[in-house]
Student: 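Please find one structure pasted underneath; my questions will follow.
Each chain gets a letter, A, B and so on, in the order the sequences are listed, and its residues count up from 1. Keep in mind it's a predicted model, so treat the numbers as computed, not measured.
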Amino acid sequence: MALYIIRRLLWAAVVILIVLLLTYAVFYLMPAGDPALRFAGKSPTPESLALIRDRLGLDEPWYQQYALFVKNFVTGDEFGWPGLGYSYVSNISVLDEVKERAPRTLLLIAGTATIWLVVGVSIGVLSAIRRRTVVDRLAMGFVLIGISSPVFWLGLIALFIFWNKLGWTGGTGYVPPTESLRGFFSHMILPWCVLALLFAAIYARMTRNTLLETLGEDYIRTARAKGLSERQVIVHHALRASLIPIITMLGMDIALLVGGAIITESVFNIQGLGWLAVRGTLDQDLPVVLGVVMVATIAVVIMNLLVDIAYAFLDPRVRYA
Amino acid sequence: MGVQPVRRRVAGAIAAVLGAAALTAALVSGASAGPSDQSARGGTYRVGWESSFGWTNSFDPTGEYLANGFVIYQNLMLRTLVQFNHVAGPAGNIPVPDLATSVPKPTNGGKRYTFTLKNGVRWGPPVNRELTSQDVKYAIERLARPKNGAQYGFYFNIIKGLQAYGDGKAKSISGIKTPTSKKIIFDLTAPAGDFPMRLTMGAAAPIPQEVAKCFEGKPGAYGRYVIASGPYMIEGSEDLDISSCGAMKPISGYDGQTKLTLVRNPNYRASTDSRKARENNPDSFEFIVNTNLDDIYDKVGAGELEDEFATASPKVFAEYSRDASKRKYLKSNSADGTYYLTMNLTQPPFDDVHVRRAMNWVMDKQALRKAWGGPIAGEIAQHILPNPMLLGKLNGFQPFKTPGDKGSVAKARAEMKQSKYANSNGVCKAKECKGVLLISDVRAVDKLTLPVIQAAAAKIGITFTVRTVNGAYPVLQTTSKNVPISNRPRWFKDYADPSTFIDPLFFGGNIIPTGNTNYALVGVKASQAKALGLTGNVNNVPSIDGLADECRAKTGNARVTCYAAIDRVLTTQVAPWVPYMWAYTVNIIGPNVTKWTFDQAAGLTGLAHVAVKG
């Protein structure tokens, strides 16, 4: 297992380097223009532009900039380790910006994942064991609504009803739990639920399908023939096997949300990593874009690894040499 | 910083015009005063800020060029030798003394300005000492050093010796003398009647060297340590340890990204200031970034915010302009900015003045303005400079006026008949008029104006190949791209002087290969073509350089008259643009605002005069 993890980590480093290389290439091959112009005022001179390019390191070929970025990332820079440079726009260390924004996104994901997993899997199980009943139809109706509702629309509607009209929740914005636990939950409950709805719907359908498939397997029939209770059959045998694809998807979804909860973060003004990525892109703030890409890539790699490790515990047939 | 319609029955048209006029009048009349005109001290004035602060230099006054930054500095935080009264209309564009005891008349043939500073003006915490002429000098020296990232340092190059100092050829700026701690003398290389106005900008505000020296060569870094000289300071300034550079940590009231909180500066003495310029009613100001635009307006409506630095959607405009109970919260004022189509004087078919004039005649400005939201977005532009900037001297000057501002095909074709590209019907059949490259931006509003422009131009035989890019300015600003026409540009003044339009936008001597803002290439000379990478017709391009040189030296009324004359020449004889809208700044304010005014000079809320229920 240890060897396997080391090998995966080495591959992870290669993946990260390739993703960063692609990010650099995209930034330079499809630019909106010279980023130096962003900081040169309305009437820049060639001299002032040259100074800005020099200061931002934009006067070097992109591959040299890339090499320097990788070096700083590995060895650290004046702002600490890993070295991510500083934002062209805010003049703040990107590492500090990521540290400031990441907890917001991670807490958003943690709450959302908990809700979608509990709700989605529960509905899926219920729907599978009550197949072709009213419960099943209602559950699949929920799935249809969840999948069809755009997050931005749902978010605005939820805000209008629960904050604006009923006043049951906090409005937009983020309150750190260290500042006020009540405020934190009050402001996070809507984004959690809104974002979770889509995923819960997908997970419910997936759980139902895999569970139905598993319940048709020979070993389930054997378990029943041995006299196990239906509860034991479902929980200990069928559900455990059905969880493998769900765990796979959970890992990927969590990882993707690290940099991908942009719409939810925007609607609810959470200003997490997604916001940072959007801001960086619009401002041509390459170090910020790279910082978020780096975090998101690492999240994908780590979650993939955790999923693979989880297989070993969930599926007795999987053993890593 | 655009309008439209179609021919209908006369009665309908009249009703529409009257309706629009009434709406416009109602909106623009909201220049000052608020829901009630009572001033009240106390409370917090909260401003929702769309998406991100978007600074150009991280809020460091030496380089910060964002209008929102200007309004915060000028109204609240930083005092300058000369300032404005932060009120609406032409009165708001007249310079008044701030740190100086008066706005001096120039001497030495218009090349010397001597300022005497008021006594009793002290720096906010933690500097706390009396503000001196050395602080003013230091700010100018700081912006002169290129490594500090001044973004409009060119306005100060006229100070004698500043260029040599910036180039490292002199140890001090020979054109700045500080004979006493309360006197500063500026010697200029040429007369500049607008020099006092240049000193109203944030970069010219005094800076305490003991703090800013720690950020030498780090553009923007001082932005989180800005020391106040005005009535408000960044919250937590008193906790800033300036015993050494290493001891300094960013002031807590500004996190650099999402929130800026200003509180009263305990060292500010109202007796050294004018109440006409600054009333300082709220106890504090909060500028809060919000990524949800709808939420900003919901919060303003709900009284959770007092104001916004955001771009309201047409839906919000409609909501506030149609509902009588809400209309008082909608404020619309001239922003002293022009939206226009730019045509490149070196590129066929726009190298022919008759084609450019015909474009002015044929364009449906009404439809272009509608794309921006209709009458609430601005006034139809009839010439280049917004009328308030010319103190009304060109009111009524409408050389390309057409009924309803919808354009006139007949007049356009009559003009085109004189063009080398057109046939006897006034329609261009030449290949130069077919598939002309038009650079547009991906923004939705740019896309909305495209069909209007294409339909109008087609009436005189011009067709376009449209190239839409994400960020059109860098393309336009690169002369070697030889862009014939673009619908992207808009321009706002930097300070209330016509030269801030004429010099950067039309002065041939200012054309540079990258970052060029004279998109039309007015005044370009054949000798510049190679260096600029120009491929079109660079012979005999019309120029206003001589006229601009004359105006620059003038002061007062003569200066404005001079620039009005340039506008006439540009609009009618050069016609490099199709100016179609003089933009308004539209603000939605909250129900707790008890006093509100527009700062004409800054083009945004006059924060110095607002009041909120305590």
Student: Do the side chains of A:Ser90 and B:Phe59 get nearer than 4.5 Å, heavy atoms only?
Tutor: no
Student: Side chain, backbone, both or neither: which part of A:Glu100 has a heavy atom under 4.5 Å from chain B?
Tutor: side chain
Student: Just so I know, are the side chains of A:Leu156 and B:Asn292 near enough to count as touching, which here means a heavy-atom distance under 4.5 Å?
Tutor: yes
Student: Check the pair A:Arg279, B:Thr291 against side-chain contact (heavy atoms from CB on, under 4.5 Å), reporting the backbone distance first and the verdict last.
Tutor: CA-CA 10 Å; A:Arg279 208 199 72 195; B:Thr291 55; over 6 Å; no
Student: Which atoms of B:Asp295 are under 4.5 Å from chain A, going by heavy atoms: the side chain, the backbone, both sets, or neither?
Tutor: side chain
Student: What part of A:Ile52 gets closer than 4.5 Å to chain B, counting heavy atoms only: side chain, backbone, both or neither?
Tutor: neither
Student: Please state whether the side chain, the backbone, both or neither of B:Pro219 comes within less than 4.5 Å of a heavy atom of chain A.
Tutor: both
Student: Decide yes or no for B:Gln257 and A:Leu276: does some side-chain heavy atom of the first lie under 4.5 Å from some side-chain heavy atom of the second?
Tutor: yes
Student: Please find the pair of heavy atoms, one from B:Val289 and one from A:Gln271, that lie closest to each other, and give the distance.
Tutor: O-NE2, 2.9 Å
Student: Rounded to the nearest 0.5 Å, what's the gap from NZ on B:Lys218 to OH on A:Tyr86? Could you check?
Tutor: 10.5 Å
Student: Is the CD1 atom of A:Ile115 crowded by more than 12 outside heavy atoms at less than 6.0 Å?
Tutor: yes
Student: May I have the step-by-step check of side-chain contact (heavy atoms from CB on, under 4.5 Å) for B:Trp55 and A:Asp283, ending in yes or no?
Tutor: CA-CA 10 Å; B:Trp55 306 121; A:Asp283 289 341; over 6 Å; no
Student: Testing the basics here: between A:Asn91 and B:Ser58, what is the closest heavy-atom pair and its distance to 0.1 Å?
Tutor: ND2-OG, 3.3 Å
Student: To the nearest 0.5 angstrom, please state how far the CG atom of A:Leu49 sits from the OG1 atom of B:Thr514.
Tutor: 6.5 Å
Student: Which heavy-atom pair separates B:Pro146 from A:Leu51 by the least distance, and what is that distance?
Tutor: CB-CD1, 3.0 Å
Student: Please give me the minimum heavy-atom distance between B:Ser52 and A:Trp275, naming the atom from each residue.
Tutor: CB-CZ2, 4.2 Å
